[in-house]
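Whatever order the structure lists them in is the order used to number ligands and atoms, beginning at 1.
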Amino acid sequence: MLEQDVRTLRRAYVEARDESDPFEKFNRAQGVGAVVDPYAGLAAMRAITPVHRVELSALMGNVELPTSMLAAKELFVALTFDTVFEVLRDGARFSSKGYADSMGPVMGHTILEMDGEEHLRYRALLSRAFTKRALERWERDLVRPVIHAYVDRFAARGSADLVRELTFPFPVRVIAGMIGLPESEHARFHRLAVELISVGIDRETGMRASRELRELFAPVLAARRREPQEDLISVLAHAELEGTRLTDEEIYAFLCLLAPAGAETTYRSSSNLLVGLLTHTDQLDALRRDARLMPQTIEEGLRWECPLLNILRTATADTTLGGVAIPAGAPVSVNLGAANRDPSRWNDPERFDIFREQKPHIAFAFGPHVCLGMHLARMETRVLLETLFERLPNLRLDREAGDATISGLIFRSPRALPVRFDPATA
Ligand code: HEM
């Protein structure tokens with residue numbers, strides 16, 4: 001049941017505090033490796049009620065909660081597609097301001113925590129960096145070369161761990177390249193980004209990472225203010241909002257959000273899709289034979305195992321959701337994973353099936369805060385699969401070399417993806 005999974009997560013969370021590797025620390029705090037199948041508990045709960053009410057004190061114990069949650073006695077978990085959709089669609093009734101407590105101290109005031117008019121204005125401005133033209137340029141100049149460079153390192157070997165050697169590092173290199181950071185700083189940027197979002201487990205390191213990231217961005221921003229180039233910092237440095245330019249701090253906040261928003265998610269979603277395909281080889285073969293199946297394959301991967309299971313909203317007034325009364329100020333956990341496996345929307349929802357009837361999923365959320373980078377994420381996943389098919393003939397899972405089980409309660413992904421393939425000859 002859900003409570004049991006949360007207790008397992010709580011243990012993993014406490015243990016994660018002693019972990020020294022920042023990447024492993026964050027993974028463990030998400031329940032990766034500990035909570036394998038939260039879906040059974042979510043399904044059992046969803047069969048009883050569309051919105052599950054949880055006593056916060058009983059559930060979380062000694063885990064540090066955002067201040068907004070400490071004041072609340074209960075947490076409401078939206079579990080069906082319809083209730084999740086209803087929450088996300090209505091930013092006036094369900095605010096995003098809760099992120100100001102959890103992420104604000106390290107990221108700054110980002111669009112993620114803005115509501116209403118303010119959000120609309122900033123979003124319109126930041127969207128200018130994500131044009132179709134920019135996407136085409138990023139595919140050609142950044143995503144494809146970055147993915148090929150990682151594959152070059154193991155293509156002749158005949159075996160690899162695709163998580164450690166490809167899906168984990170490549171999206172953060174893409175974000176760093178988009179931003180315009182020098183190559184020499186990419187590894188540092190990755191570590192700092194993960195330390196930043198681990199602030200809930202290790203506040204001191206999170207705050208230090210926040211300061212260091214600003215130090216990393218500052219010289220690049222100053223240079224681009226003087227002389228713009230074709231990168232995201234230049235677009236942000238010269239974009240105008242009602243006649244005024246974004247301040248340095250506004251730009252830093254957006255850049256701090258991009259790494260976790262864009263890299264953690266894409267790394268995990270592309271790993272999950274690979275698990276789906278490599279454990280369903282009939283579907284893998286069908287996709288290899290017919291590239292037209294690519295878009296529906298990517299969407300099914302996101303529906304079946306979305307990388308980020310929960311997001312958070314706060315009720316702005318007393319309201320009712322799915323027949324359940326929610327008091328003003330109560331936190332609402334929006335369970336994207338449960339919504340994506342709602343049996344009233346999809347037949348046999350636990351099954352990975354690229355041929356299923358196509359209906360929009362909700363892995364990228366919906367409404368005002370729908371993912372700003374979703375087209376980029378889809379493109380990265382497509383290029384990843386195209387490259388693997390082209391470069392690694394006869395790609396298959398190597399079950400003896402390790403476990404590729406997907407796990408986690410908040411972020412989900414496999415810890416490893418050991419594969420074999422026909423080695424490239426020089
Ligand atoms: C498969 C990969 C991805 C998934 C599943 C995903 C999922 C999401 C979700 C669920 C949200 C809504 C969060 C909330 O409202 O609480 C979101 C927002 C956002 N995402 Fe993504 N994301 C992905 C990739 C990316 C990429 C590649 C970027 C950019 C480089 C990105 C940038 C953003 C930004 C800036 C927001 C905030 C939008 C706003 O508040 O208006 N995401 N994403």
Which residue and non-hydrogen atom of the protein lie closest to atom 8 (C) of ligand 1, and at what distance in Å? Cys371 CB, 3.7 Å
With nothing but distance in play, are any N or O atoms of His369 less than 3.5 Å from an N or O of ligand 1? yes
Relative to the ring of Tyr252, is the ring of Phe217 parallel (under 30°), tilted (30 to 60°) or perpendicular (over 60°)? parallel
Heavy-atom check, side chain of Leu255 versus side chain of Leu236, under 4.5 Å: yes
Show the atoms of ligand 1 that are less than 4.0 angstrom away from any heavy atom in Ala377. 1 (C), 2 (C), 24 (C)
Is ligand 1 less than 4.0 angstrom away from at least one heavy atom of Leu302? yes
Measure up the Phe364 and His361 rings against each other and bin them: parallel (under 30°), tilted (30 to 60°), perpendicular (over 60°). tilted
Please check whether Thr266 reaches ligand 1 - meaning an N/O of the residue sits under 3.5 Å from an N/O of the ligand, judged on distance alone. no
Count the heavy atoms of every other residue, nucleotide or ligand shown that sit under 6.0 Å from CD of Glu227, and state whether that count exceeds 12. no
Heavy-atom contacts under 4.0 Å between Leu258 and ligand 1: side chain, backbone, both, or neither? side chain
Taking atom 38 (C) of ligand 1 as the reference point, the nearest protein heavy atom with its distance: Arg123 NH1, 3.4 Å
Given that the side chain starts at C-beta and the backbone is N, CA, C, O, which of these parts of Ile111 lies under 4.0 Å from ligand 1, counting heavy atoms, or is it both or neither? both
May I ask you to say whether Glu300 pairs ionically with Arg303, meaning some side-chain N is under 4.0 Å from a carboxylate O? yes
Side-chain H-bond candidate by donor/acceptor type, Asp403 with Thr405, under 3.5 Å: yes
Working for salt bridge (Lys or Arg N to Asp or Glu O under 4.0 Å), residues Glu299 and Lys359: CA-CA 9 Å; Glu299 300 313 308; Lys359 288 179 187 169; over 6 Å; no
Atom 24 (C) of ligand 1 [closest protein heavy-atom partner, distance rounded to 0.1 Å]: Thr265 OG1, 3.3 Å
I'd like to know whether the aromatic ring centres of Trp138 and Phe130 sit less than 6.0 Å apart in this structure. yes
Nearest neighbour in protein (non-hydrogen) for atom 16 (O) of ligand 1: Tyr99 OH, 2.7 Å
Measuring from non-hydrogen atoms of Pro307 to any atom of ligand 1, is the shortest distance under 4.0 Å? yes
Under a plain distance cut-off of 3.5 Å, with no hydrogens placed, do Asn272 and Ser269 share a side-chain donor-acceptor pair? no
So, regarding Glu380 and ligand 1 (criterion: nitrogen or oxygen to nitrogen or oxygen, under 3.5 Å), is there a contact or not? no
Taking all heavy atoms of Phe411 and all of Thr265, pick out the closest pair and write down the distance. CE2-CG2, 4.2 Å
Indicate the ring-plane relationship of Trp304 and His280, choosing parallel, tilted or perpendicular according to the 30° and 60° boundaries. perpendicular
Which pair of heavy atoms, one from Thr266 and one from Gly262, lies closest together, and at what distance? OG1-O, 2.6 Å
Is there a heavy atom of Ser96 sitting under 4.0 angstrom from any atom of ligand 1? no
Can you find an N or O of His119 that's nearer than 3.5 Å to an N or O of ligand 1? yes
Any idea which protein heavy atom is nearest atom 13 (C) of ligand 1, and the distance to it? Leu112 CD1, 3.8 Å
Nearest-neighbour protein heavy atom for atom 26 (C) of ligand 1, which is reported as residue plus atom name and distance: Gly262 CA, 3.3 Å
Where does Arg313 meet ligand 1, judged by heavy-atom distances below 4.0 Å: at the side chain, the backbone, both, or neither? side chain
Using a 4.0 Å heavy-atom threshold (strictly under), name the region of Ile175 that reaches ligand 1: side chain, backbone, both or neither. side chain
Minimum non-hydrogen distance to atom 28 (C) of ligand 1, winning option of Ala365, Gly367, Gly373: Gly373
May I ask whether Arg268 places a heavy atom under 4.0 Å from ligand 1? no
Closer than 4.0 Å to some heavy atom of Leu376 - which atoms of ligand 1 meet that? 27 (C), 30 (C)
min-distance protein heavy atom vs atom 36 (C) of ligand 1 -> Leu372 N, 4.1 Å
Count the heavy atoms belonging to other residues, nucleotides or ligands that lie under 6.0 Å from CD of Glu390, then report whether that count exceeds 12. yes
Please confirm whether Leu336 approaches ligand 1 to less than 4.0 Å, judged on its heavy atoms. yes
Hey, is NE2 on His238 packed in by over 12 heavy atoms from elsewhere, all under 6.0 Å? yes
For atom 7 (C) of ligand 1, find the nearest protein heavy atom and state the residue, atom name and distance (0.1 Å precision). Ala363 O, 3.6 Å
